[in-house]
Amino acid sequence: MSEFDLIARYFARPTRHAVLGVGDDCALLAPTPGMQLAISADMLVEGRHFFADVDPCRLGHKALAVNLSDLAAMGAKPAWCTLSIALPSLNENWVAAFCTGFFALANAHGLELVGGDTTRGPLTIAVQIAGELPPGCAIRRDGAQVGDDIWVSGTLGAAAVAVMARTGRLDDAGLDALAGMQCVDRLDLPTPRIELGLALRGIATAALDISDGLLGDLAHICRRSSCGAQIIWPLLPVHPALVALPEAIRQEAALAGGDDYELCFTAAASRRNELQALSQQLCLPLTHIGVIDAATGVRAVDASGQPVLPGKTGFDHFAA
Ligand code: ADP
Ligand code: MG
């Protein structure tokens, strides 16, 4: 099978919205008149973002989910994407399984694959994604106001605990405490919060998706919005699988662990009822976890106001 057979068999799909999809030098897109495009890219590299033995179907899901999550965080509606993939060898079963995971998620969100690149090399997957939103509706990182509530969707910590379990950081007692609870699905199969992002237009003053850990990611909102943030640790919606783990591990996983791909957003206190109703409507927990203040940086405190995990920040690929 040649590179071109592979593309034709697995990546060329009929498109309904794109004027021209896979097969030419460029795709042709006609954005909805009056809409803005939100563009983002995220790359997954073997050994850094996933383990070498990862199930290809799950990898297809994750490669797209992390990109959809960026659109969600901006309040954009998914439209098109490209897929650039480096493969060490041409294993058709692997590609077929990858596509199963990738297209199931793409189809669920009306997202069209319109192009990409295929090359031989160390396993690397780079997706670029485009969504649409009305001008002025994007939920940026620079809109948080002093006094805003800080909210988070879903639950936190399970993906980080799955990484701890896989990398040998949990002792036997820790592994027993997990008691077979499925943390690994939270790591491999994150759910991009697209519907939530769309519903937060006009409500949230700032938002981002938690990929590198709550404290570190929230610090991006603080920097861009020139404000500080206080998180109340006992309010955090820690994933139920972590309940029997030592508190230090729960804190590290939920506050500084990444990969949950939940949304963290800020909103005026006057929006609490609306957000509670939205949580019911989406069947998705939305939890008020803290407040934006005029201090600097992000601080987590316990019930008595004592600092939790001082100095901890999110993941940084180039940290010393
Ligand atoms: P070019 O030589 O112009 O870069 P390619 O031969 O790389 O074109 O690709 C041929 C067509 O297949 C293009 O339309 C390209 O966008 C598409 N394509 C290549 N790889 C992928 C992929 N992994 N997923 C989707 N489309 C792809
Ligand atoms: Mg090419």
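For ligands, and for the atoms within them, numbers begin at 1 and follow the listed sequence. Basis for what follows: all heavy atoms, side chains included, without hydrogens, waters or symmetry-related copies.
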TODO: Report the part of L113 (side chain from C-beta onward, or backbone N, CA, C, O) that has a heavy atom under 4.0 Å from ligand 1; answer both or neither where that applies.
DONE: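 Contact part for L113 vs ligand 1: side chain (C-beta onward).
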
Open item on the list: Applying a heavy-atom cut-off of 4.0 Å, say which part of T118 lies close to ligand 1: side chain, backbone, both or neither.
Closed with: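 The answer is both.
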
- [ ] Tell me, yes or no, whether the heavy-atom count around R140 atom CZ, taken from other residues, nucleotides or ligands under 6.0 Å, exceeds 12.
- [x]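 No, CZ of R140 has 12 or fewer neighbouring heavy atoms, counting only those of other groups under 6.0 Å.
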
- [ ] Count the heavy atoms belonging to other residues, nucleotides or ligands that lie under 6.0 Å from CG of D171, then report whether that count exceeds 12.
- [x]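 Check passes, neighbour count above 12.
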
Is the backbone N or O of [Y] less than 3.5 Å from a side-chain atom of [X], with the two atoms forming a donor-acceptor pair by type?
{"X": "D185", "Y": "L189", "result": "no"}
{"X": "D259", "Y": "L187", "result": "no"}
{"X": "D209", "Y": "Y261", "result": "no"}

Using a strict 4.0 Å cut-off to heavy atoms of [X], name the atoms of ligand 1 that fall inside it.
{"X": "I85", "answer": "23 (N)"}
{"X": "D25", "answer": "3 (O)"}
{"X": "G23", "answer": "11 (C), 13 (C), 14 (O)"}
{"X": "F4", "answer": "6 (O)"}
{"X": "D24", "answer": "13 (C), 14 (O)"}

State whether the shortest distance between N or O atoms of [X] and N or O atoms of ligand 1 falls below 3.5 angstrom.
{"X": "I7", "value": "no"}
{"X": "G116", "value": "yes"}
{"X": "L83", "value": "yes"}
{"X": "D117", "value": "yes"}

TODO: For the pair D260 and R186, find out whether any cationic side-chain nitrogen is under 4.0 Å from an anionic carboxylate oxygen.
DONE: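 Here D260 pairs with R186 in a salt bridge, since their nearest N and O are under 4.0 Å apart.
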
TODO: Could you tell me whether E262 and R193 make a salt bridge, using a distance below 4.0 angstrom between a side-chain N and a carboxylate O?
DONE: yes

Open item on the list: Could you measure the distance from the CD atom of E46 to the OG1 atom of T124? Nearest 0.5 Å is fine.
Closed with: 8.0 Å

TODO: Give a yes/no verdict on whether any heavy atom in Y10 is under 4.0 Å from an atom of ligand 1.
DONE: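 No.
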
